[in-house]
Amino acid sequence: MKLPVYLGMLQRAEQELASSFRTVADGHGDEPDVRATCELLASQCDEHVAAMQPLVDRYGSEPSDEPERLHAAALPHPRSGPLALLRDLQDVHLLASFVDMTWTLVGQAAAALRDEELQQVIADREAETQVQVGWLTTRMKQAAPQALVVAG
Amino acid sequence: MVDRIADIWGTRTAFARGERWPVRVDLRLADGVTEADVDRWVASACVLCSNGCGLEIAVKDGEMVGVRGRATDLVNHGRLGPKGLFASWQGVRNGDRLTRPLVRMGGALVETDWDTAMGRIVERSRKLLAEKGPLSHGFYTSGQLFLEEYYAQAIIGKAGLGTPHMDGNTRLCTATAAASMKESFGSDGQPGSYSDIDECDAMFLFGHNMAETQTVLWMRVLDRLAGPNPPRLVCVDPRETEVARHAEVHLAVRPGTNLALMNGLVRELFAHGWIDEEYIAAHTVGVGELRSTVAPWTPERVADTCGVDPADVRRAAEIFGTSDRVLSTVLQGFYQSSQATASSCQVNNLHLLRGRIGTPGNGILQMNGQPTAQNNREAGADGDLSGFRNWENPEHIQELAELWGVHPDTIPHWAPPTHAMQIFRYCEQGSIEFLWVSATNPAVSMPQAPRIRKILEKEDLFLVVQDLYLTETARYADVVLPAAAWGEKQGTFTNVNRTVHLSDKAVEPPGEARSDLDIFLDYARRMDFRRDDGRPLLDWTGPEDAFRAWQECTRGRLCDYTGLSYEKLRGGTGIPWPCNDEHPDGTNRLYGDGIFPTEYDRAESFGHDLLTGATVGPLKFRALQANGRAILKPAAYHPATEAPDDEYPFLYSTGRTVFHFHTRTKTARAKQLNRAAPSAWVEMSVPDAERLGLGEGDLVRVASRRGEIVVPLRVGDVRPGTVFAPFHYGYWEQDRSGPGDRPTAANELTETEWDPVSKQPILKVAAVRIEKVADSVGPAPAPTNTASRPADASAVRPTAGGPDAEVEERPRETEPPAAPDEGGRR
């Protein structure tokens, strides 16, 4: 069974998403909504990591055979300025979308396994991840015209 | 005669539930003038809070000489509050007014003529449009202009220039009222009526110090409390306000924890079965998620988080759950605190769960802070689209394009209109280079004043300020335009409970001052804004043209004005919208039939996630299938971002005092009001003051991570651990735009942060420290007959007005007016 590969991948990706949200929060502190929301969402990711632990304990967490392909990278450091805000949010969006789809796929496995505990853990977290993706989209769409058309 | 500085709410006229509120006509004229001396009375309504009291302006020899409440008006039945009585006329007719335009020459503002001033504006505007396009332009307007003026501004911005960067100071006062109604009901639009006070069995005031913010509405409550079968009152406020003193339950929550309390109250309704299953099934969606979100919030957990007694949480919930008719009001204690929209939506949810909405005594009043805030939200000179239209609905954009005669793509609708805090951020970053500020004073009223001042003084920001006075903000301007005031121009405005008043012109403006409408129309003409067919974009000659155009914009919308006219509004009372063929006399309450504007085609908004502000979007909104049902929307509580710590151990909250409005530009010019609260102070509880060794009147420094104020201390009745400062006190009397060695503006300390949905700044949660600067030389200059009263009453002389504060009151002079049709009564 390869579910442990995906559980390990998901847990790592949530950790990296948390770290990326914090990187953006620190780097764009002059955008107060970005700072506050990214800090909040980072703490959601922390909770997701913790909530997965009983499942990892039960199913195990195997390293992947091809980590370079399954690995979504965290943001190394933030950039600065309006364009950089857009780019940073877009990078985080990529990672959050990866997490979102991974929850979906783990959920498929949980359904096939008829594992209700696993399904319950997934349902709430997947919904939160979708809101994270939604917030990133909302904020980028708001920022894009000014950043791409007028800002110096 | 009654001293209405000492006796703020005046003489009681008690009445019982279901009776009409008795009339009491309040009158104040200039010294030596009697009613017989008055040449004419000009009908208007008061603009010194959001209540919208009908009044008449006394005119003698071409000058305003006083005011008299209108007995026939539905809003106030003749009464006026201290601000209306003293400041409405004295606050605008005085020697300090701007009478000529000013332009910056060699660093200084110098007088000039209108051609020169407008020429400079148009030159810069055209240049920026050519070089950078419309996104270089921003407008920051008010909650105190007239409807016609907002609508002109909205068309200029959205169809003339095509910029999304338009907002009002309504963002600071009322954005959450609008946002919470959009999330719950699909659209802005007040469900309740003031007449619900006459009918209710219980009243909940959520973060609403009504006694000081809407004095005349509070008189209505006091008169019910003085009569038989008075309503039971519940108050949520960290201060011992007058409301708290009359309340059966006072929940003095720790600032920043409103949502925890609300989640707990909603949970109690579920836990005790105080819900209307039938109503929920027929008229709402989302009950499952609401139930699971509030599940953890037991009274004990609420008590722990909010710092209140769990028994009080239970009592409050029981009063809500078991009273036959219940009315809720909400204001800045919720709107300017953290998780504002989510907390305010929980008030809506309480009513929806019991099906207590839109019927006599069962109402919600999501209050406004300013007299014409509602019109800005309707007309769309703020972050809304005209006529409660939805920026995500292409058909709504098409309707506006047809009304205005421009291509739909001219109207920015690719994202939500830019909110005020973001407009100032773009100014800070330099991508907005043209900012036009009208009838507001952001240098004092916006959060983190030191930062706002830096933005306003930026070299590359072309700043236009349009005002009555040379405010702190105007001192930074490149062009200052002198505006005509209330009573010097004509127009309409709409109060908290949708009541529209016409304000006729009583006197001429001073010098060369012009109405805001004339100024905007002049700009549109000079910019040569045109419709696609070549005709001028705005061909109005005066306010009544604008009103007629506005009526067309509202046809078929919830805020339908088509049944109104200037003539009809001269009938002795304001009229609540919707007013149309179906409701020719207006509409007292909304949603009594349980049908809400959540159909896809009607909704003003498709809504947001309340925790983050992520938009729901058209697809998910369709999938929700609300289709006329209200949306029960919850959010999980999370703590405020800034919490007290060792370095900054106190929670800091800001707010109003009854004797002033905003940055005191009008109220400080009425001597009766100014004497009652002449300068700034900070309030602290007795135990905190004792611990720090501080006494009444000691000069203290209050500092946050962003700035400091140095003001006298009032030892009073605020919740221990919390300090409170009034936000009115800037620097204009010292002819300065910012502080010298004695900073007093409450916003020196506040943080740049806002609610994720309403984008309303959080002005009531910050961490501060306090230290003594000097010993007391006398008591703090704070009133003694408000929430600022001293803990030791014997230490301070009681607030009183004296002979020039005497007001004539005529209780029960005539029969009270009756409200129009009940509006879809169930």
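In what follows, every chain begins at residue 1, and chains take the letters A, B, ... in the order their sequences are listed. Hydrogens, waters and symmetry mates are skipped; everything else that's a heavy atom, side chains included, is used.
Interface remark: B/Q429 contributes side-chain atoms only to the contact with chain A (heavy atom separation under 4.5 Å). Proximity to chain A involves both the backbone and the side chain of B/T752, based on heavy atoms less than 4.5 angstrom apart. Heavy atoms closer than 4.5 Å to chain A are found nowhere in B/E433, neither backbone nor side chain. Of the two parts of B/H165, only the side chain, counted from C-beta on, holds a non-hydrogen atom closer than 4.5 Å to a non-hydrogen atom of chain A. Only the side chain of B/E751 comes within contact range of chain A, with heavy atoms under 4.5 Å apart. Of the two parts of B/A415, only the side chain, counted from C-beta on, holds a non-hydrogen atom closer than 4.5 Å to a non-hydrogen atom of chain A.
Salt-bridge check for A/R35 with B/E753: failed, with every basic side-chain N at 4.0 Å or more from each acidic carboxylate O. Comment: B/K620 does not engage B/D609 in a salt bridge, judged by the lack of any side-chain N to carboxylate O separation of less than 4.0 angstrom. The residues B/D755 and B/K759 are annotated as not salt-bridged, no charged nitrogen and carboxylate oxygen being separated by less than 4.0 angstrom. Note on A/E31 versus B/R425: salt bridge recorded, some NZ/NE/NH1/NH2 to OD/OE distance being below 4.0 Å. Using a cut-off of 4.0 Å between Lys/Arg side-chain N and Asp/Glu carboxylate O, B/R451 and B/E748 are scored as not salt-bridged.
Proximity of a side-chain donor or acceptor of A/E14 to a complementary backbone N or O of A/V99 within less than 3.5 Å is not detected. For the pair B/T654 (side chain) and B/L763 (backbone), a donor-acceptor distance under 3.5 Å is present. In this structure, B/T176 contributes its side chain and B/A340 its backbone to no donor-acceptor pair below 3.5 Å.
Taken to the nearest 0.5 Å, the CD atom of A/Q44 stands 10.5 Å off from the OG1 atom of A/T37.
Interface residues of residues 114-136 of chain A toward chain B, defined by a heavy-atom distance below 4.5 Å and sorted by number: A/V131, A/G134, A/W135.
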